[in-house]
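Notes to accompany the following structure.
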Amino acid sequence: MIVPTKDLFKLAYGKYAVGAYNINNLEQTMGLFQGCIDSQSPFIIQLSKGARAYTNKEMLEGIIRSAEKVFPEAIFAVHLDHGDEQTCYDCIDSGFYSSVMIDASHDPFEENVAITKRVVERAHAKGISVEAELGMLGGVEEDIQVDEKNANLTDPDEAEEFIKQSGCDSLAVAIGTSHGAYKFSGGQGLHYDRIKAIADRVPGFPLVMHGSSSVPQDEVKRINAAGGKLKEGAKGVDEEQYLPAAKLGVTKVNVDTDGRLVWTRVHREFFLDKPEDFDLRPAGKIFMAEYAKFIAHKNEKLGSAGTLPEIRKALGV
Ligand code: G3H
Ligand code: 13P
Ligand code: ZN
């Protein structure tokens, strides 16, 4: 069942984080729902502009609506990831999305506020909540390259002011993470002091962590052993840091890259072992099962696993 994003945040805040997983196709959707049922966890499906353009946005909506019927127990929200203003309006008007993200973090503060405010007005009129972003993450953000060295953390005073002025419902903050498989060399640590300083200014306000993949090195090694050429040694977020961050106010944790690594590992290994094979389904079957296992594992680390019964009760569904 699709529920408002803000309902999931209210129940999770300060206790655990809700996993926000990017999906692009049927196999990922099946694995995501199965993994969340197996781990009894709520979740957020997020669709990027790229995902909406990959096949067709209607196709994605159709897949998700079908998954809702195939997995009637699932409780989830549908979210636009890294939207521009026009895409936000398209999603708001579609009536399908629980929330949208307006990413104007690359614009100056005042401009970011103005754009976010416009989106908030249109979204709130339809009961949809809005995630905004303040601060620059390292790595690659859609087509914007942010130099690793210039990655600047979100300023707590600015965050408080931004939330007040823009009226957004959650805020993506730069707290030491970056997007993609090539994160900071030698690993990256979350800046708990910064999370706490921001959360202290806006108690109870959901903070969002982007770039939360951990880029497991054994996964990277398996991909490379099966013919891949991924750069090794660039680690992501330590999964053991998810829950302490959640307790401080990080309520939504975005994961995309780690799921792509599962896909790449399964398909490379499958076709290396069976070079004569050309049926897409056996590899797809393995992927769906592996993706479900991966999702259930993430939910355990986020602390959201096992919460489904209490969420159903609280929401009366
Ligand atoms: O942060 C961005 C997400 O990983 C989505 O990536 O724009 O390639 O779909 P994408
Ligand atoms: P990763 O690249 O670390 O998976 O981050 C995904 C993300 O932030 C989506 O918005
Ligand atoms: Zn992101």
Side-chain angles (χ1 to χ4, degrees), residues 5 17-25 28-29 32 43-57 59-60 77-84 87-88 91 97 99-106 130-146 148 151 154 170-185 187-190 206-217 219-220 223 230-231 234-239 241-242 245 250-265 291 294-295 297-299 301-302:
T5 307
V18 183
Y21 302 104
N22 291 71
I23 63 127
N24 297 269
N25 66 10
Q28 275 183 309
T29 310
L32 172 58
F43 60 104
I44 295 171
I45 292 190
Q46 49 185 17
L47 308 174
S48 70
K49 262 175 74 181
R52 283 160 50 89
Y54 169 54
T55 49
N56 180 297
K57 61 188 182 186
M59 187 68 81
L60 271 183
V78 181
H79 177 77
L80 167 69
D81 189 30
H82 290 287
D84 55 30
T87 311
C88 283
C91 293
Y97 289 72
S99 50
V100 294
M101 176 191 188
I102 172 68
D103 181 359
S105 57
H106 44 279
V130 177
E131 174 184 326
E133 179 170 329
L134 186 68
M136 287 276 190
L137 278 77
V140 180
E141 219 170 82
E142 292 279 342
D143 52 351
I144 302 150
Q145 294 271 359
V146 183
E148 196 175 296
T154 303
S170 59
L171 187 67
V173 284
I175 47 177
T177 63
S178 69
H179 286 102
Y182 302 134
K183 301 186 189 284
F184 299 112
S185 42
Q188 61 186 125
L190 292 190
L207 303 177
V208 179
M209 181 160 83
H210 282 245
S212 313
S213 281
S214 59
V215 194
Q217 291 303 288
E219 198 77 311
V220 172
I223 290 169
L230 297 184
K231 198 168 85 185
K235 293 196 206 94
V237 180
D238 180 346
E239 291 178 332
Q241 296 194 323
Y242 292 160
V250 171
T251 316
K252 174 171 176 275
V253 165
N254 286 14
V255 174
D256 185 7
T257 296
D258 283 352
R260 294 180 182 196
L261 294 178
V262 174
W263 187 94
T264 306
R265 184 250 302 163
Y291 197 70
F294 153 77
I295 293 286
H297 166 82
K298 283 286 182 206
N299 290 339
K301 297 295 176 188
L302 294 169

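Both ligands and their constituent atoms are indexed starting at 1 by order of listing.
- For the pair Thr177 and Leu190, the minimum side-chain heavy-atom distance is below 4.5 Å.
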Take Tyr242 and Lys298 through the test side-chain contact (heavy atoms from CB on, under 4.5 Å) and record every step on the way to the result.
CA-CA 9 Å; Tyr242 292 160; Lys298 283 286 182 206; 3.1 Å; yes
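- Between the side chains of Ser214 and Asp258, at least one donor N or O lies within less than 3.5 Å of an accepting N or O.
- The CG atom of Asp81 sits 7.0 Å away from atom CD of Glu131, with the distance rounded to the nearest 0.5 Å.
- Only the side chain of Asp81 comes within 4.0 Å of ligand 1, judged by heavy-atom distances.
- No part of Ala181 comes within 4.0 Å of ligand 2, judged by heavy-atom distances.
- Contacts between Thr177 and ligand 2, counted as non-hydrogen atom pairs separated by less than 4.0 Å, are absent for every part of the residue.
- Those atoms of ligand 1 with a heavy atom of Asp256 less than 4.0 angstrom away are 3 (C), 4 (O), 5 (C), 6 (O).
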Using the rule given for side-chain contact (heavy atoms from CB on, under 4.5 Å), can you reason through Val250 versus Ile175, listing the C-alpha separation, both sets of side-chain angles and the distance that settles it, and then say yes or no?
CA-CA 10 Å; Val250 171; Ile175 47 177; 4.2 Å; yes
As a quick check of understanding, evaluate side-chain contact (heavy atoms from CB on, under 4.5 Å) for Met101 and His210, giving each step before the final call.
CA-CA 12 Å; Met101 176 191 188; His210 282 245; 3.5 Å; yes
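- Defined by atom type and a distance below 3.5 Å, a donor-acceptor pair is present between the side-chain atoms of His297 and Glu239.
- For Asp258, no nitrogen or oxygen atom sits less than 3.5 Å from a nitrogen or oxygen atom of ligand 2, counting backbone and side chain alike.
- Annotation: Asn24 places no N or O atom under 3.5 Å from an N or O atom of ligand 1; distance criterion only.
- The N, O or S atom of His210 lying closest to the Zn ion (ligand 3) is ND1.
- Between Arg260 and ligand 1, an N or O atom pair is found at a separation short of 3.5 Å.
- The shortest side-chain heavy-atom distance between Arg260 and Ser213 does not fall under the 4.5 Å cut-off.
- The Zn ion (ligand 3) is the vertex of the angle joining NE2 of His82 and NE2 of His179, which measures 100° to the nearest 10°.
- Counting atoms of ligand 2 from 1 in the listed order, those under 4.0 Å from a heavy atom of His210 are 8 (O), 10 (O).
- Residue Gly236 places every heavy atom at 4.0 Å or more from ligand 2.
- Near Ser48, with a cut-off below 4.0 Å to any heavy atom, the atoms of ligand 1 are 5 (C), 7 (O), 9 (O), 10 (P).
- In terms of protein heavy atoms, atom 2 (O) of ligand 2 is closest to Thr257 OG1, 2.6 Å.
- Among protein heavy atoms, atom 8 (O) of ligand 2 sits closest to Gly211 N, 2.8 Å.
- Look at Gln46 and you'll find a heavy atom under 4.0 Å from some atom of ligand 2.
- Side-chain contact of His82 with Ser48: a donor-acceptor pair under 3.5 Å is absent, judged by distance alone.
- Inclusion of Asn22 in the set of residues having an N or O under 3.5 Å from an N or O of ligand 2 is not warranted.
- Remark: Leu134 CG to Thr154 OG1 distance equals 5.0 Å, nearest 0.5 Å.
- Every atom of ligand 2 is numbered from 1 in the order shown, and the set under 4.0 Å from a heavy atom of His82 is 10 (O).
- Residue contacts with ligand 2 for Val255 involve N, CA, C or O but no side-chain atom from C-beta outward (heavy atoms, distance under 4.0 Å).
- Looking at heavy atoms from C-beta onward, Lys252 lies in side-chain contact with Asn254 at the 4.5 angstrom threshold.
- Under 4.0 Å from ligand 1, the heavy atoms of Asn22 that appear belong solely to its side chain.
- Ranking the protein heavy atoms by distance from atom 3 (O) of ligand 2 puts Lys183 NZ, 2.6 Å first.
- The protein atom (non-hydrogen) at minimum distance from atom 9 (C) of ligand 2 is Asp81 OD2, 3.2 Å.
- Side chain of Asn22 to main chain of Asn24: no donor-acceptor pair is present (N/O by atom type, distance under 3.5 Å, no hydrogens or angles).
- Using a 4.0 Å cut-off to heavy atoms of His82, the atoms of ligand 1 that qualify are 1 (O), 2 (C).
- The minimum heavy-atom distance linking Leu302 with Tyr21 is given by the pair CD1-OH, 3.6 Å.
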